[in-house]
Student: 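Shown below is the structure under consideration.
Lettering of chains follows the sequences in order, A, B, ..., and the numbering in each one begins at 1. Worth saying up front: this structure is predicted, and the values here are computed from it rather than measured. When reading the values below, keep in mind they use all heavy atoms of this one structure, side chains included, and skip hydrogens, waters and symmetry mates.
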Amino acid sequence: MRIATWNVNSLKARLPRVEEWLSYAQPDVMCLQETKLADSAFPSMAFAALGYEAAHCGEGRWNGVAILSRVGLDDVVAGFSDQQEDEDTEARLLWATCGGVRIGTVYVPNGRMVGSEFYEEKLAWLDRLRRHVEGACDPSEPLVMCGDFNVAPEDRDVWDPTKLHGGTHVSQPEREAVAALQRWGLVDVFRSLHDEDRLYSWWDYRAGDFHQHRGLRIDLVLATKPVAERATFALIDRFARKGKLPSDHAPLLVDFDDDDVSGAGSRERSRGAGRS
DNA sequence: ATGGTAGCGCTGCTA
């Protein structure tokens, strides 16, 4: 199974590029962030034409997340498990089960400046996400949570940690929030397959940052061990950040060897059977 | 020299 994630920075502006990318990358599941669309404006038909079912959680002008799948799309749930009916939440979290794997698409708040109210809300949101995952999921079950975390986990994920405005995306509390997810049992799959620095997923539109390779790795695929152990390939597609009308993020894709990604262990069993 | 671009939508905010 191939799972991809992409912050598209407006699906209305990016639909042709997303369609093009789906056609050549052929993901089985595609998580999108920052669709910036109301649910009523979501282009379900365009994705159906490419063979994808879709679920969208949008609010209109800001945020908005979606999951596209051609391997089933069941048990769709938007938002946090402790969310109240009347709670006015931003459209930043959506879950669905695709091909036997629970999949989440997340768009973590930016935080703007360290110490601002927005920064505190970002930390609270990340903590609420951790509590949601810990309460609703089991690290021994197949789970993939991917999206724009707006946190670069380590200094090797950043072109220059000292030059970021306000120091968000690299502060210790933000990194600790991501580390807490990893301690629970989520693996940074791209990092498990690539040790190198200078592998980024986002570049500011301004000042030629992409051309100068001044970026951050803030888009992550986090998977529980039953899934992460089966990862065979991971790629940040910098090609999709080039050319006409790009998003400021590149898509990240990961391949999982999935003749049985649901964790029943058919491969181990068949090896055992071969030896017996 | 401390800048810059893009999206939304029509004014200035958000990233």
Side-chain angles (χ1 to χ4, degrees), chain A residues 5-21 30-43 46-47 56-66 88-94 105-126 129 146-153 157-171 173-175 177-178 200-220 236-252:
Chain A
T5 180
W6 196 3
N7 178 323
V8 295
N9 185 21
S10 169
L11 187 54
K12 183 182 175 187
R14 217 67 62 212
L15 183 59
R17 295 214 43 158
V18 174
E19 291 174 311
E20 175 192 33
W21 197 82
M30 174 104 236
C31 295
L32 301 175
Q33 301 87 36
E34 278 205 273
T35 61
K36 296 185 176 178
L37 293 176
D39 288 336
S40 59
F42 186 77
F47 296 128
H56 181 247
C57 171
E59 62 185 73
R61 187 173 179 184
W62 305 112
N63 311 314
V65 289
D88 185 23
T89 52
E90 297 176 317
R92 296 179 177 276
L93 179 64
L94 180 67
T105 175
V106 310
Y107 175 47
V108 176
N110 175 285
R112 304 193 199 180
M113 298 284 285
V114 170
S116 68
E117 62 181 297
F118 304 99
Y119 176 77
E120 296 303 327
E121 286 169 10
K122 176 183 193 174
L123 294 178
W125 199 94
L126 281 164
L129 180 65
C146 51
D148 176 1
F149 283 77
N150 269 317
V151 178
D157 300 314
V158 179
W159 72 277
D160 184 345
T162 67
K163 286 200 170 57
L164 298 175
H165 7 273
T168 57
H169 299 63
V170 299
S171 74
E174 291 166 88
R175 286 177 167 173
V178 173
Y200 309 135
S201 66
W202 172 84
W203 299 261
D204 198 303
Y205 283 122
R206 296 169 290 186
D209 276 7
F210 180 71
H211 183 69
Q212 299 295 328
H213 206 52
R214 294 187 289 253
L216 306 176
R217 190 176 71 91
I218 55 176
D219 298 273
L220 308 175
I236 298 171
D237 184 9
R238 293 184 70 256
F239 183 79
R241 180 61 176 79
K242 302 179 182 179
K244 194 175 170 186
L245 289 177
S247 169
D248 46 353
H249 295 252
L252 163 62

Student: Considering only the P atoms, how many Å lie between dG7(B) and dG3(B), rounded to the nearest integer?
Tutor: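 23 Å, rounded to whole Å.
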Student: I want to verify a distance call: between dT14(B), dG12(B), dA15(B), whose nearest atom is closest to the R61(A) side chain?
Tutor: dG12(B)
Student: dG4(B) and dA15(B): how far apart are their C1' atoms, nearest whole angstrom?
Tutor: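 Looking at atom C1' only, dG4(B) and dA15(B) are 14 Å apart.
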Student: How do P246(A) and F118(A) order along DNA chain B: which one's closest nucleotide is nearer the 5' end?
Tutor: P246(A)
Student: Less than 4.0 angstrom between a side-chain N/O of S10(A) and OP1 or OP2 of dA6(B), yes or no?
Tutor: no
Student: Please check: side-chain N/O of R14(A) versus main-chain N/O of L245(A), any donor-acceptor pairing under 3.5 Å?
Tutor: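 Checked: pair present.
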Student: Who are the side-chain hydrogen bond (donor to acceptor under 3.5 Å, both in side chains) partners of D248(A), not counting sequence neighbours?
Tutor: W202(A)
Student: With the side chain of R14(A) defined as its heavy atoms from C-beta on, choose the nearest nucleotide among dA6(B), dC8(B), dA15(B).
Tutor: dA6(B)
Student: Between protein and nucleotides 1-3 of chain B, what N or O pairs are separated by less than 3.5 Å?
Tutor:
none

Student: With S171(A), which residues qualify under side-chain hydrogen bond (donor to acceptor under 3.5 Å, both in side chains), at least two apart?
Tutor: Y119(A), E174(A)
Student: What nucleotide among dA6(B), dA15(B), dC13(B) has an atom nearest to a side-chain atom of W62(A)?
Tutor: dC13(B)
Student: Is any side-chain N or O of R206(A) closer than 4.0 Å to OP1 or OP2 of dA6(B)?
Tutor: no
Student: NA contact type, R214(A), heavy-atom cut-off 4.0 Å: base, sugar-phosphate, or nothing?
Tutor: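 No contact at all - R214(A) keeps every heavy atom at 4.0 Å or more from the nucleic acid.
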Student: Please list, chain by chain and in numerical order, all residues satisfying side-chain hydrogen bond (donor to acceptor under 3.5 Å, both in side chains) with D88(A), sequence neighbours excluded.
Tutor: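 Here no residue qualifies.
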Student: Does D39(A) have any side-chain hydrogen bond (donor to acceptor under 3.5 Å, both in side chains) partners at least two apart in sequence or in another chain, and if so, which?
Tutor: H56(A)
Student: With sequence neighbours left out, what residues match V178(A) under side chain to side chain contact (heavy atoms under 4.5 Å, CB included)?
Tutor: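 Checked V178(A) against side chain to side chain contact (heavy atoms under 4.5 Å, CB included); matches are V151(A), Q182(A), L220(A).
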